[in-house]
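Data block below; observations after.
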Amino acid sequence: MPLYEKFTGRHRDDYATLDDLQKNYKLSVPDNFNFAFDCLDVMAAETPDKVALLWVSNDGEEKRFTFEDIRRLSVKAANFFIAQGIKKGDMVKITMSNDWRFWSVLMGLHRMGAVSVPATYMLTTKDFVYRMNSAPIKMLLTTPRFNVVESMEKALPELSSVPKLALFGSSEGFDVPDGWIDFDKGMESAPETPVERSTVKTDMMLMAFSSGTTGYPKMVWHDFTYPLGHIMTGCFWHRCEEGGLHYTIADTGWLKSLWGMMYSQWLSGSAVFAYDYVKFSAADILQKIEKYKITTFCVPPTMYRFLIKEDLKKYDLSSMKHCVSAGEALNPEVFKVWQAGTGLKIFEGFGQSETTLCCWTGYPWMQPRLGSMGLPVPGYRMIIADENGNEVGPGITGEICIRTDEKGGGKPFGMFSGYFLDDEMTEKVWHDGLYHTGDTAYKDEVGFYWYVGRTDDVIKSSGYRIGPFEVESVLLEHPAVTECAVTGVPDPERGYAVKATIVLSQGYAGTPELTKELQTHVKKTTAPYKYPRIVEYVDALPKTISGKIRRLEIRKRDESTSS
């Protein structure tokens, strides 16, 4: 049986109806739960030769790691960190791209009770300074690629406390600079002596800097129950299966990688596919799906938009059984083109750095409704609330909130424990038994949620409240539009006018004729008052380093121009 049954008591196929699942899904978690001991070690003992990770380099090199391989390497990694003076509760920042060492390093940190702080390789010197000065980082372990070492060394003079610096890659011929620890040599000499369990489930296991679209990143921390909160992610939503090969495209610096590249996929009996590419290419990704016979697949809508620009019929994608999307709202046009080209629907999911999957279209009884986020995940009690925290009825736009009061079961498994060193921010978004997500949506008569935007993204024009996502979805139906962002621009008559900032598809030019054509297209497809009165054509949209569109930056630029 898949290992997740040990904690749920039932196989996913044993639930007869959606109502049965929502009412009876429960998790049983030991007080000293630790994924490295209670899951990885069990899988290594029961299926030592089973492949856990299939890794492919940018140059096509392949490595296969069994569960026993990952267990053994994680023990050595734990002993390496202990030898370097890292203790339980110490923070270790890991910037590793999709290097194969990531899996054993993370498991090693879990095993010895240190706090993992994942970070993307795309950080600049300024980013490193902010992050390293915001948290008591004891060690940085990083990649020799992507200029990370240079960026970090430039940051050193501005750090309030300099951590130990470790670099991997010497076994592949990379030089280790003076002052840096050679991780590969340290791993080679590290003993395989068992490490004693020292954690309880409420200890801090993970701390991540959120990739919010406004302000500085917040430090989101999760306890040791976080992996089991993802049972719904991989076992139910991704529908990973025994003997399958799951592929989530994500940099290991983001929590999205932990949604789709480790915990729940392994608990389902599936291996994980990791491709350590340097530059994203839609054709390359489709070739990898075909070559390695990927069975389940998860990427954000941005990547689906590039994938559907390819001729999908050119590739044998018949191995794929299930596709999902998260990270931002999925546009209906992308759904339709992907289904036409592959025969597969895309099942959406919604969550944040602060949560695991908390809203989905993910089980056989739940067919996707184009543009809908789906229904709340079992364990998450979601509501749509007004500005006073009161639940509103169907059809009314409000903020997505999660109930966490003890009467209804308390904090869901997988939800964060707070913002590290920031009680004021924690209390601002989490009070009176409600966690305020900052995202807006409305609920229809049968309970499906429909995303509108971030609370700051909603446009108030001539008395109307206009969500950017709906207008963006309509624009993306037009072949001239590859990407777009809809924002409000100050207008003396309307309060705000709707503006579309558009990246054009190849072969199109931003002419007045095209602008009028796009405006007419929106008027005919949705309520006419939502059409963009202003259209700007750009080469690229401003985005966070995790790829989310920064509408705030567009708004600020427009406001400064108009003032």
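Since we're looking at a predicted model, the values are computed, not measured.
Side-chain contact between T124 and S151: absent, with no pair of heavy atoms (C-beta onward) separated by less than 4.5 Å. Under the 4.5 Å side-chain criterion, counting only non-hydrogen atoms from C-beta, V92 is in contact with L109. A 4.5 Å side-chain heavy-atom check between M132 and P163 finds at least one atom pair inside the cut-off. Between R369 and T361, the closest side-chain pair of non-hydrogen atoms is not below 4.5 Å. The side-chain heavy atoms of L140 and T95, taken from C-beta on, include a pair separated by under 4.5 Å. Taking 4.5 Å as the limit, some side-chain heavy atom of V498 sits within range of a side-chain heavy atom of I466. With a 4.5 Å cut-off on side-chain heavy atoms, W254 and D251 count as touching. Two residues are said to be in side-chain contact when any heavy atoms from C-beta on lie closer than 4.5 Å; E354 and V429 fail this criterion.
Under the ring-ring contact (aromatic ring centres under 6.0 Å, His included) test applied with H230, the options F413, W266, W259 reduce to a single match, W259. None of F236, Y380, Y4 except one satisfies the ring-ring contact (aromatic ring centres under 6.0 Å, His included) rule with Y25; the exception is F236. Residue W237 forms a side-chain contact (heavy atoms from CB on, under 4.5 Å) with just one option from V324, T356, I231, and that option is V324.
Between Y130 and F209, the ring planes lie perpendicular to each other; the angle is over 60°, past the 30° to 60° tilted range. Ring geometry, H110 versus Y263: the interplanar angle falls under 30°, so the pair is classed parallel (tilted spans 30 to 60°).
Salt bridge annotation for D38-R197: present, with a cationic side-chain nitrogen under 4.0 angstrom from a carboxylate oxygen. Using a 4.0 Å cut-off between charged side-chain N and carboxylate O, E391 and K443 make a salt bridge. Ion pairing between E406 and K411 fails under the 4.0 Å rule for side-chain N and carboxylate O.
For the pair R111 and F37, the cation-pi test (distance below 6.0 Å, angle within 45°) is passed.
With sequence neighbours excluded, the residues satisfying salt bridge (Lys or Arg N to Asp or Glu O under 4.0 Å) with K88 are D203. Every residue was checked against the ring-ring contact (aromatic ring centres under 6.0 Å, His included) condition with F128, not counting sequence neighbours, and none meets it.
The ring of Y435 has its center closer than 6.0 angstrom to the ring center of F416. Ring centroids of Y449 and F350 are separated by 6.0 Å or more, keeping the two rings apart. Centroid-to-centroid, the aromatic rings of W430 and H436 stay 6.0 Å apart or farther. Proximity of the aromatic rings of F183 and F80 is defined here by a centroid distance below 6.0 angstrom, and this criterion is met. A ring-centre distance under 6.0 Å is not found for Y226 and F35.
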* **From CA spacing to verdict: salt bridge (charged side-chain N to carboxylate O under 4.0 Å, His left out), R381, D405** => CA-CA 10 Å; R381 295 172 296 131; D405 54 287; 3.5 Å; yes

* Asked: Taking it one step at a time, do S97 and D99 satisfy side-chain hydrogen bond (donor to acceptor under 3.5 Å, both in side chains)?
  -> CA-CA 6 Å; S97 179; D99 188 88; over 6 Å; no

* Could you check K218 against D422 for salt bridge (charged side-chain N to carboxylate O under 4.0 Å, His left out), going step by step and ending with a plain yes or no? => CA-CA 9 Å; K218 300 181 289 291; D422 198 340; over 6 Å; no

* Asked: Step by step, would you call E483 with K543 a salt bridge (charged side-chain N to carboxylate O under 4.0 Å, His left out)?
  -> CA-CA 12 Å; E483 285 191 298; K543 294 179 180 179; 2.7 Å; yes

* Take R145 and D276 through the test salt bridge (charged side-chain N to carboxylate O under 4.0 Å, His left out) and record every step on the way to the result. => CA-CA 12 Å; R145 301 184 297 160; D276 195 15; 2.7 Å; yes

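The CE atom of M107 sits 6.5 Å away from the CG atom of L40 when rounded to the nearest 0.5 Å.
Under a 3.5 Å cut-off, the side chain of T437 and the backbone N or O of C401 do not form any donor-acceptor pair.
Looking at every heavy atom in both residues, P144 comes nearest to F168 through CD-O, 3.2 Å.
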